Amino acid sequence: MATKHEHADVVVVGSGFGGSVTALRFAAAGRSVILMERGKSYPPGSFARTPSEMSNNFWDPSRGRHGLFDVWSFQDFEAVVSSGLGGGSLIYANVLLRKDAKWFVRDAPAGEGYESWPITRADLEPHYDAVEQMMTPQRFPQGRPGYEAARRADLLAQAGRALGFTADQPPLAVTFAAGGGPPTPGAPIPTPAYGNYHGKPRITCVLCGECDLGCNSGSKNTLDHTYLSAAKYHGADIRTHHEVRTITPRDGGGYAVGYVVHNPGTARATVDLSTRTVTCDKLVLAAGTFGTTYLLLRNRSALPGMSRQLGRRFCGNGDLLGFVSDVPGLPLGSSRAPVITSYVRVPDALDHTAGSGGGNGARPLSTATGRGVYVEDAGYPTAVEWLVEATQVHSTAHRVARAAAALLLSRLRWAPSRRISSIVGNLLGQGEVSAGSMPLLGMGRDLPLGVMSVRGDYLQVEKYPAGNWPYFTGMREVMEGLAEQLGGRFTDNPMTWLSRVVTVHPLGGASMGDDVVSGVIDGYGEVFGHPGLYVADGAAMPGPVGANPSMTIAAFADRLAENALSVPWPRTASAPALPRPAARPTPSVKRASMS
């Protein structure tokens, strides 16, 4: 089907941290921007909660599914990413930590399994500040009135310090206190100067533990509520259900971008198979580590001279899931707070930290491999607590038998009425298992050994997590030590028994380097040999971030856009351009570092 030809200064592919940040920076500088997101938008109140809603909440367009969760199973690991306007911010756990300064490795060789960052913490520092200004993170108000139930935050920190580790509360992209007032659950959040993309009211965190399912209260400062709202205010053309398929360099510069439009209204064949095209002067790939690397691999023949490093240096940011149970005392409050409230940091050999442990028989201040890790507490929705209790088959059967016997006895003892409240209460049990349990989320400096490729039009990842089991063993030992300090019992994620891990932080594949031999892109995100083609997401990372990577990806994207705006803009388009948006004042967005 023929369509009119379009041209924009910038096309941005994907709306996660890389895409949203660059879309705003270019639009705020007066450039015409088209942002293409394959998924749909999720205003507050639209995230799936019921079993029937959740069953369709997965991404597989070929089967008529256009939901939020995109679940991958590779040769030796699984991964969970998202599909929707706002990218990973819709389902992440809100943590905005900066990459540790000494973890920007520079002196490692460019061979297999090594990482080498052509940028430093100092290069990203002003951009970290800019992202914080936009995302307005707050720390969990532990112990304040209305927030006392989440004891896990204090307990994990105490356990970590007892082992000699650093522990703290991370900055979270969650609004607990709004409008200058004190932290208050359920208070209205004022609309910022750049507006509200969805036009729906938002309220402060209601402590439901549903962050990773999508925040129906609008309490999370996700990218649709922040960067994308501001980008739209500045005239960015944001298009959902648009999935990019092809990239073709244009004669004289710029790129032609081929895409399809998903039609969720149809039952089976849900993709409009007529490929459409838009041209641009600059193209920013920010479709996530899997999406961006897949696009570059799939279009490699049209992009001659690509680095041989394309597809290499994949890692899962050291992600490992574990569980603590049987913690004595009062309930941990795992469902009475955001998903993450605190972290324990285990130093790296690069930190040059003394190897002595803390008091009370503490372990050494490092893992066995000397590679640093973070361990964070994790919460979950109240519904999960019921599921946890229901899985305790032995105790549940015992309670049912006792309740049945008590009911039978009450009937045999004739009386005009019977009060059976205590019987029902005993049937439900004390909830001790769920009250004393919580997941532990680990991440850190694993080795970027994975290799990505495309076979039969399907993305493949090999050599990961192979070679990283000593790292994961060290992570597990840290978690086990924390569980012991808590007085509880550590349990592995069952996937680990099968020598498999699950990552929610895939990184690498189109990594930055000093030159085309060591990387696919330079330190400003531009693809070597292809001016105006950028990578702005997790694919750009040449190794693990260590901490939660969203903040570093956003800062890298901010630096990318600032550099691109500082050089003369190409004039390659002969096609009619989209109208430039008029300049608009945004005191809460504009800053000195903006061009």
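Computed from a predicted structure; not experimentally measured.
Residues Arg31 and Leu565 are in side-chain contact: their nearest non-hydrogen atoms beyond the backbone lie under 4.5 Å apart. At a threshold of 4.5 Å between non-hydrogen side-chain atoms, the residues Glu125 and Arg98 count as touching. For the pair Cys215/Thr222, no side-chain contact is recorded, criterion being any heavy-atom separation below 4.5 Å from C-beta on. Side-chain contact between Pro439 and Leu321: present, with at least one pair of heavy atoms (C-beta onward) separated by less than 4.5 Å. Between Pro192 and Ser229, the closest side-chain pair of non-hydrogen atoms is not below 4.5 Å. Residues Pro448 and Pro544 have side chains in contact (heavy-atom distance under 4.5 Å, counting atoms from C-beta outward). Here the side chains of Ser550 and Leu96 are in contact, with some heavy-atom distance below 4.5 Å. A heavy-atom distance below 4.5 Å is found between the side chains of His530 and Pro304.
Atoms CD and CE, on Glu243 and Met36 in that order, are 11.5 Å from each other to the nearest 0.5 Å. With rounding to the nearest 0.5 Å, the separation of CE in Met306 from CG in Leu296 is 4.5 Å. For the atom pair CG (Leu172) and OG1 (Thr136), the distance works out to 11.5 Å, reported to the nearest 0.5 Å. The distance from atom OG of Ser518 to atom CD of Gln309, rounded to the nearest 0.5 Å, is 7.0 Å. Distance check: Arg139 CZ to Phe176 CZ gives 11.0 Å after rounding to the nearest 0.5 Å. Going from atom SG of Cys211 over to atom OH of Tyr92 covers 10.0 Å, rounded to the nearest 0.5 Å.
Under 3.5 Å, the side chains of Tyr128 and Thr552 contain a donor-acceptor pair of N or O atoms. Remark: the Glu78 side chain and the Ser73 side chain contain an N/O donor-acceptor pair separated by less than 3.5 Å. Thr246 and Asn299 are not linked by any side-chain donor-acceptor pair at a separation below 3.5 angstrom, with hydrogens and angles left out of the test. Using a 3.5 Å distance cut-off with no hydrogens or angles, the side chains of Asn221 and Arg202 do pair a donor with an acceptor. Using modelled atom types, one finds a donor on one side chain and an acceptor on the other under 3.5 Å when comparing Thr279 with His5.
Atom CZ of Arg312 has 12 or fewer neighbouring heavy atoms from other residues, nucleotides or ligands inside a 6.0 Å radius.
At distances below 3.5 Å, not a single donor-acceptor pair connects side-chain atoms of Ser219 with backbone N or O atoms of Thr175. Between the side chain of Tyr294 and the main chain of Asp457, a donor-acceptor pair closer than 3.5 Å is present. Remark: the backbone N or O of Gly186 is paired with a side-chain donor or acceptor of Thr204 at under 3.5 angstrom. For the pair Asp319 (side chain) and Val504 (backbone), a donor-acceptor distance under 3.5 Å is present. In this structure, the side chain of Glu37 engages the main chain of Gly84 through a donor-acceptor pair within 3.5 Å. Ser15 places no side-chain N or O within donor-acceptor distance of the main-chain N or O of Ser20, the cut-off being under 3.5 Å. With hydrogens and angles disregarded, a donor-acceptor distance shorter than 3.5 Å links the side chain of Ser89 to the backbone of Gly86. Judged by distance alone, the side chain of Ser307 and the main-chain N or O of Gly519 form a donor-acceptor pair under 3.5 Å.
Taking all atoms of both residues into account, the shortest heavy-atom contact from Ile247 to Leu303 is CG2-CD2, 4.4 Å. For the pair Thr289 and Asp537, the tightest heavy-atom approach, listed with the atom from each and the gap, is N-OD2, 4.2 Å. Residue Met512 comes nearest to Asp522 through the heavy atom pair CB-O, 3.6 Å, listed as atom of the first residue, atom of the second, then distance. Closest heavy-atom contact between Ala554 and Phe17: CB-CD2, 4.0 Å. In terms of heavy-atom proximity, Thr293 sits nearest to Ala510 at OG1-N, 4.1 Å. Taking every heavy atom of both residues into account, Glu115 and Gly543 meet most closely at OE1-CA, 3.9 Å.
Note that Lys99 lies in the cation-pi zone of Phe104, set by a 6.0 Å cut-off to the ring centre and a 45° limit from the axis.
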Original post:
How far apart are the C-alpha atoms of Gln138 and Val174, what are their side-chain angles, what is the distance that settles it, and do they pass the side-chain contact (heavy atoms from CB on, under 4.5 Å) test?
Top reply: CA-CA 6 Å; Gln138 300 178 6; Val174 178; over 6 Å; no

**OP:** Could you check Arg559 against Tyr524 for side-chain contact (heavy atoms from CB on, under 4.5 Å), going step by step and ending with a plain yes or no?
**Re:** CA-CA 7 Å; Arg559 184 173 185 261; Tyr524 292 102; 3.3 Å; yes

Subject >> Evaluation steps, side-chain contact (heavy atoms from CB on, under 4.5 Å), between Asn317 and Met541 >> reply: CA-CA 10 Å; Asn317 202 47; Met541 304 295 108; over 6 Å; no

Subject >> Audit row: Tyr42, Asn216, side-chain hydrogen bond (donor to acceptor under 3.5 Å, both in side chains) steps and yes/no >> reply: CA-CA 9 Å; Tyr42 288 89; Asn216 272 330; over 6 Å; no

**OP:** I would like to know whether Val535 and Val520 meet side-chain contact (heavy atoms from CB on, under 4.5 Å); could you show each step before the answer?
**Re:** CA-CA 9 Å; Val535 174; Val520 178; 5.6 Å; no

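Ring-plane geometry between Phe74 and Phe290 is classed as tilted, the angle between the planes lying from 30 to 60 degrees on a 0 to 90 degree scale.
Residue Tyr464 forms a side chain to side chain donor-acceptor pair (under 3.5 Å) with just one option from Asp76, Thr503, Asp446, and that option is Asp446.
Using a cutoff of 4.0 Å between basic side-chain nitrogens and carboxylate oxygens, Asp281 and Arg250 are not scored as salt-bridged.
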